[in-house]
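To start, the structure itself, in structure tokens.
What's counted below: heavy atoms across the whole structure, side chains too, no hydrogens, waters or symmetry copies. We number each residue from 1, following the sequence as shown. Since this is a predicted model, take the numbers as computed values, not measurements. For ligands, and for the atoms within them, numbers begin at 1 and follow the listed sequence.
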Amino acid sequence: MNVMHLSAECYPVAKVGGLGDVVGALPKYLCEAGINASVVLPYYDRKFVQENTFDLIFKSTGILGTKTFEYNILKEKNRTLGFDLYLIHIPGLLDRPEIYCYPDEIEQFISFQLSFLDWISKSDQKPDIIHCHDHHTGLIPFLVSHTIAYSNLASIPTVCTIHNGQYQGWFGWDKISYLPAFDLNKAGLLDWGNCINSLATSVKCCWKFTTVSPSYLKELSINSNGLEKLFQMEEAKGSGIINGIDTLVWNSETDPMIFKTYSLDSVNAGKKENKKQLCKEFGLSGSKPLVVFIGRLVGEKGADMLSEAIASCLDTYKGKLNFLILGSGDPKTEKELKDLPVKYKKQYGVYIGYDEMLSHRIYAGADFLIMPSRVEPCGLNQLYAMRYGTIPVVHKTGGLKDTVIDLKEAGGYGLSFDDLSIQSIITVIGRACEVYEDPEKMSLIRKKLMSLDFSWDKSAEEYINLYKSLSND
Ligand code: ADP
Ligand code: GLC
């Protein structure tokens, strides 16, 4: 079975967050399970693209409104990622270094989707399934079903995965001329709240949609940035499949980015050494519990609460613990985190920016990883932390609820809290400090965490079952 994934991100080609990780890993595991999975990405002028070799396999022209554009389909030559990777290159539109936030982002992603459809509609080898990720590829299910030019694709099942329902790819009806001629009776499928909403369109038109955790599927009907009614109506078409992690990339026994590799048996010594080096780098003491946060500094992640929460915890548990933050995002939050009073200096470190290597070192060196997320469709950070024997401390929401069992419960291995407030964070951090004081307990929990299985095997199987239910292949 031939499954083509379309996405804006794919690690290590282009990653901003977990979408990149998932699209960089899932196809690899699908291929191992016998599915011919490939990824189609916009062309980005970034390291991976510059350092690898691509063949030009197809070129043609597309139309966006009143303009024509040329596009090239490039295929990576050596299957470096463990699956076929295709890039859509459009001079002047898809040939830039950044992944998001250009003022003509709508034009970029519509051209991306149109070029893809034009290419496969002219190709002899059609996919058995088109798998779209997030709103950047959300118009595809509509376009294959209702556009005259692509009518030869109409029988191909489309699956959409929602990694993040907050961003929806909205644009005004004034840009409708960007889309090729379609059945006008179907125009309502594009609309939500008097504008074109790519994510809503994908949910309405895809054959099946998935969310990246079962809890998030339920939450979308209650809280999805205006799409609640839509998710209530379309619930039967959805299923929640929890993300896995790439256990080859995230492996404390082989990770070339960490200071010292370690296994389940050597976890205590290994983490001690990684923590020592990490703390040295940030001027922190290696003997106190180290609580870390890694992630996008945005409201969804609860990042706006961090500076107050850290200051309150450091005041409450004077001299008893250290915090370390790695992240970037909202400038106000960045500033608050950089400007935390000097009195906390020896107990607090921060790196504002994106640094893949540092993230690995932090997962390996930390004792606890805190995620005070307001919304967390799945969350990969807690899974990486656990894989490195770091105890997750999470707000019970979305995928965090589905993957972290509190120590108070049978078989538990993490710390969690129900209501998101500074006081709950202070309380849960107090619990973390207590656990840390018992080295034997710490050791047992670390070993338990490292023996948990969050690999892709089971989740890839669930996607395969979904594909099989839709395809005749
Ligand atoms: P989201 O996709 O919502 O950002 P996830 O938990 O699914 O959240 O995935 C976040 C991914 O991005 C993880 O791989 C995490 O390590 C990485 N990440 C986030 N911020 C940074 C950063 N500042 N530096 C390095 N890696 C980061
Ligand atoms: C999104 C979500 C995150 C999820 C990731 C990968 O960006 O915010 O929770 O883990 O996608 O699916």
Side-chain angles (χ1 to χ4, degrees), residues 5 7-12 14-26 99-100 131-136 160-168 199 209-217 219-220 223-225 240-246 249-250 255 257-258 292-303 306 324-330 333-334 337 349-364 366 369-388 390 392 394-395 397-404 454 456 459 463:
H5 290 258
S7 168
E9 298 180 37
C10 173
Y11 178 80
K15 166 176 165 182
V16 170
L19 170 63
D21 287 342
V22 170
V23 178
L26 171 61
I99 301 168
Y100 303 120
H131 191 151
C132 303
H133 295 267
D134 274 352
H135 74 82
H136 319 99
C160 289
T161 294
I162 301 171
H163 298 260
N164 196 326
Q166 296 297 302
Y167 308 101
Q168 299 171 3
L199 191 73
F209 74 91
T210 67
T211 58
V212 288
S213 69
S215 286
Y216 189 53
L217 178 63
E219 288 169 8
L220 284 170
N223 171 20
S224 50
N225 204 5
I241 303 182
I242 199 91
N243 286 331
I245 58 174
D246 191 333
V249 174
W250 299 93
D255 192 336
M257 300 195 219
I258 64 179
V292 302
F293 171 94
I294 299 175
R296 294 182 292 118
L297 299 177
V298 295
E300 280 168 64
K301 302 283 174 194
L306 281 174
L324 179 59
I325 307 287
L326 165 63
S328 62
D330 176 20
T333 305
E334 287 186 356
L337 289 167
V350 61
Y351 180 91
I352 298 294
Y354 187 93
D355 189 328
E356 192 77 24
M357 183 189 285
L358 181 57
S359 76
H360 282 241
R361 290 185 171 170
I362 296 180
Y363 289 120
L369 173 116
I370 185 157
M371 296 181 74
S373 307
R374 289 195 174 84
V375 181
E376 197 60 82
C378 176
L380 296 173
N381 295 16
Q382 80 281 13
L383 306 183
Y384 298 146
M386 294 193 267
R387 175 107 173 118
Y388 283 70
T390 298
V394 303
H395 176 220
T397 185
L400 299 176
K401 196 158 121 189
D402 294 346
T403 56
V404 177
F454 290 110
W456 267 109
S459 302
Y463 279 109

for atom 3 (C) of ligand 2, nearest protein heavy atom and its distance come out as E376 OE2, 3.4 Å
A student checking ligand 1 against L380 at a 4.0 Å heavy-atom cut-off should list atoms 5 (P), 6 (O), 7 (O)
Within 4.0 Å of some non-hydrogen atom of G353, the atoms of ligand 1 are 22 (C), 23 (N)
Exactly one of E300, H135, E376 clears side-chain hydrogen bond (donor to acceptor under 3.5 Å, both in side chains) with N164, and that residue is E300
Atom 10 (O) of ligand 2: closest protein heavy atom, distance to 0.1 Å, is G379 N, 2.8 Å
Q) Is any N or O atom of R296, backbone or side chain, closer than 3.5 Å to an N or O atom of ligand 1? A) yes
If we only count N/O pairs under 3.5 Å, is G18 in contact with ligand 2?
no
Nearest non-hydrogen protein atom to atom 25 (C) of ligand 1, with distance, is D355 O, 3.3 Å
Ligand 1 atoms nearer than 4.0 angstrom to some heavy atom of G327 are 23 (N)
In short, N243 meets S459 closest at the heavy-atom pair C-OG, 4.3 Å
Any heavy atom of L19 under 4.0 Å from ligand 2? The part involved is backbone
Per-atom filter on ligand 2: closer than 4.0 angstrom to a heavy atom of V212 are 12 (O)
The protein heavy atom nearest to atom 27 (C) of ligand 1 is Y354 CE1, 3.4 Å
4.0 Å heavy-atom contact, G295 with ligand 1
yes
The single option from W250, Y363, F454 that satisfies side chain to side chain contact (heavy atoms under 4.5 Å, CB included) with M386 is F454
CZ of R296 to CG of D330, rounded to nearest 0.5 Å, is 12.0 Å
Value for CD (Q168) from OG (S224), rounded to nearest 0.5 Å, stands at 7.0 Å
Taken to the nearest 0.5 Å, the spacing of I258 CD1 from H360 NE2 works out to 9.5 Å
With heavy atoms and a 4.0 Å threshold, my read on which part of K301 contacts ligand 1 is side chain
Separation between SG (C10) and CD1 (I99), nearest 0.5 Å, reads 10.5 Å
Side-chain (T390) to main-chain (A366) donor-acceptor, under 3.5 angstrom: yes
Atoms of ligand 1 under 4.0 Å from any heavy atom of Y384, numbered from 1 in the order shown, are 13 (C), 14 (O)
Does one side chain, of E356 or Y354, offer a donor that lies under 3.5 Å from an acceptor on the other? yes
For V22, the atoms of ligand 2 under 4.0 Å from one of its heavy atoms are 6 (C), 12 (O)
Geometric N/O contact G18 with ligand 1, under 3.5 angstrom: yes
Next item on the list: For the pair Y100 and H136, name the ring-plane relationship: parallel under 30°, tilted 30 to 60°, perpendicular over 60°.
Entry: parallel
The protein heavy atom nearest to atom 1 (C) of ligand 2 is H163 O, 3.0 Å
Proximity flag Y363 to ligand 1, non-hydrogen atoms under 4.0 Å
yes
Atoms of ligand 2 under 4.0 Å from any heavy atom of N164, numbered from 1 in the order shown, are 8 (O)
**Message:** Under a 3.5 Å cutoff, is there a donor and acceptor pairing between the side chains of S373 and T397?
**Reply:** no
Of all protein heavy atoms, the one nearest atom 13 (C) of ligand 1 is N381 OD1, 3.3 Å
Atom 8 (O) of ligand 2: closest protein heavy atom, distance to 0.1 Å, is P377 CD, 3.5 Å
Within the 4.0 Å heavy-atom cut-off, what N243 brings close to ligand 2 is side chain
Query raised in the report: Contact between K15 and ligand 1, counting heavy atoms under 4.0 Å?
Result: yes
With sequence neighbours left out, the residues meeting ring pair (Phe, Tyr, Trp, His ring centres under 6.0 Å) with H163 are H133
Note: ligand 1 atoms sitting under 4.0 Å from heavy atoms of D21 are 11 (C), 13 (C), 14 (O)
All heavy atoms of V249 vs all of D255, minimum pair found to be O-OD2, 4.3 Å
Open item on the list: Between D21 and Y384, do the side chains contain a donor N or O and an acceptor N or O under 3.5 Å apart?
Closed with: yes
